[in-house]
Amino acid sequence: MLRTIEQKIESLFEGAFGRAFRRNVQPVELARKLAKEMDDYKMVSVSQVYAPNEYVVYLSARDRDQFESYEPALVKELEEYLAEHGRREGYQLLSKPNVSFRTDEDLEVGLFGISNRMIQRETPDSPLEPAVEPGATRIYRATPSETESVSAAELGMEPEPEREPPSVTVDGAQHRLAKPVMVIGRSKDADIRVADPNISRRHAEIRQEGSAFWIVDLDSTNGLAVNGRASKRAKLDDEDRITLGSSELVFRRAKSS
């Protein structure tokens, strides 16, 4: 089914869309990069994997003018593509994917940006946190064959300063969070080992999801608390204090070097 939708978009590119986009942004590139945004900004919950459901595509005025007459049809194709991609990957969406186009005068022909967010539309209650941060807008370059992210130098931007990885301090010892998932517990196989008899062998884990870090209880015996508040899953901010058993851990964000 996914291949069929992608082939339909590619056939549009090779036909009427192809004549308009031969040297500009191609619809099939938009589809692939939108799917990449969905993959990159998914959020792992206790029992579900949630993915963004709202996407904004930023285009130069000339690129957007190329498909002005069939923009609604293209938007519908992209939304169907994302819906099928989400089903195939097993993602949970808070609503059907919504794609919209906006013109950005600062973009050159052949460059496009995508921002995303996870937003509840259909029901007032959501199993997620009340506020879900949107993904940052990323800029892509349109190429004849394969689309690649544009570097900061190519956009005339200064590179971001190097950053040290975030860390967790336990009993004065600092543990850098060098992996997307770090297990905390008494087990010798734990990434962050804590010698506390009140802590389970695999008590909790710290997960990196996009630019955010979360502490997640692994069905431990005594649970966990962040800044004195008991929780099964909590987003971490700089200097947050995590209580596991009778031990206290301090989370610290990355700092510019």
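Remember, it's a predicted structure, so these values are computed and weren't measured experimentally. The figures that follow rest on heavy atoms only: side chains count, while hydrogens, waters and symmetry mates do not.
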Check whether [X] reaches the backbone of [Y] with its side chain - one donor and one acceptor, N or O, closer than 3.5 Å.
{"X": "Asn227", "Y": "Arg241", "result": "yes"}
{"X": "Asn198", "Y": "Leu244", "result": "no"}
{"X": "Ser200", "Y": "Thr221", "result": "yes"}
{"X": "Glu79", "Y": "Val99", "result": "yes"}
{"X": "Asn53", "Y": "Lys96", "result": "no"}
{"X": "Lys76", "Y": "Ala73", "result": "no"}
{"X": "Arg252", "Y": "Ser167", "result": "no"}
{"X": "Ser220", "Y": "Gly223", "result": "yes"}

Validation row: Leu78, Tyr55 side chains within 4.5 angstrom (heavy atoms): no
Heavy-atom check, side chain of Lys232 versus side chain of Val216, under 4.5 Å: no
Identified side chain to side chain contact (heavy atoms under 4.5 Å, CB included) partner of Val170 from the options Ile192, Val250, Asp196: Ile192
Matching residue for Glu37 among Leu82, Asn116, Val57 - test: side chain to side chain contact (heavy atoms under 4.5 Å, CB included):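 Single side chain to side chain contact (heavy atoms under 4.5 Å, CB included) partner of Glu37 among Leu82, Asn116, Val57: Asn116.
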Say you draw a straight line from [atom1] of [X] to [atom2] of [Y]; how long is it, rounded to the nearest 0.5 Å?
{"X": "Met118", "Y": "Met43", "atom1": "CE", "atom2": "CE", "answer": "4.5 Å"}
{"X": "Ile114", "Y": "Leu34", "atom1": "CD1", "atom2": "CG", "answer": "4.0 Å"}
{"X": "Trp214", "Y": "Ile206", "atom1": "CH2", "atom2": "CD1", "answer": "13.5 Å"}
{"X": "Tyr41", "Y": "Lys36", "atom1": "OH", "atom2": "NZ", "answer": "8.5 Å"}
{"X": "His203", "Y": "Ser247", "atom1": "NE2", "atom2": "OG", "answer": "9.5 Å"}
{"X": "Leu59", "Y": "Asp104", "atom1": "CG", "atom2": "CG", "answer": "9.0 Å"}

Phe251 vs Ile215, side-chain contact (heavy atoms from CB on, under 4.5 Å): CA-CA, chis, key distance, verdict: CA-CA 10 Å; Phe251 172 79; Ile215 180 78; over 6 Å; no
Side-chain donor-acceptor contact under 3.5 Å, Ser45 with Arg233: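 Result is no, nothing qualifies.
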Verdict with supporting geometry, Arg193 and Lys188, side-chain contact (heavy atoms from CB on, under 4.5 Å): CA-CA 7 Å; Arg193 190 177 182 186; Lys188 64 180 182 180; 3.7 Å; yes
Where Leu107 and Ser60 come nearest, the two heavy atoms and their spacing: O-CB, 3.3 Å
Carboxylate-amine/guanidinium contact Glu84 Arg87, below 4.0 Å: yes
Worked verdict on Asp240 versus Phe213 for side-chain contact (heavy atoms from CB on, under 4.5 Å): CA-CA 11 Å; Asp240 273 351; Phe213 287 82; over 6 Å; no
Glu108, CD: over 12 other non-hydrogen atoms inside 6.0 angstrom: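 Open.
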CZ/Arg186: more than 12 non-hydrogen atoms of other groups inside 6.0 Å: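 Above 12, so yes.
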Solution key, residues 175-185 side-chain donor-acceptor pairs under 3.5 Å, sequence neighbours excluded:
{"residue": "Lys179", "atom": "NZ", "partner": "Asp191", "partner atom": "OD1", "Å": "2.7"}

Same apolar cluster: Leu218 and Val226, side chain cutoff 4.5 Å: no
For Glu71, salt bridge (Lys or Arg N to Asp or Glu O under 4.0 Å) partners two or more places apart: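 Once residues adjacent in sequence are excluded, the partners of Glu71 under the salt bridge (Lys or Arg N to Asp or Glu O under 4.0 Å) criterion are Arg64.
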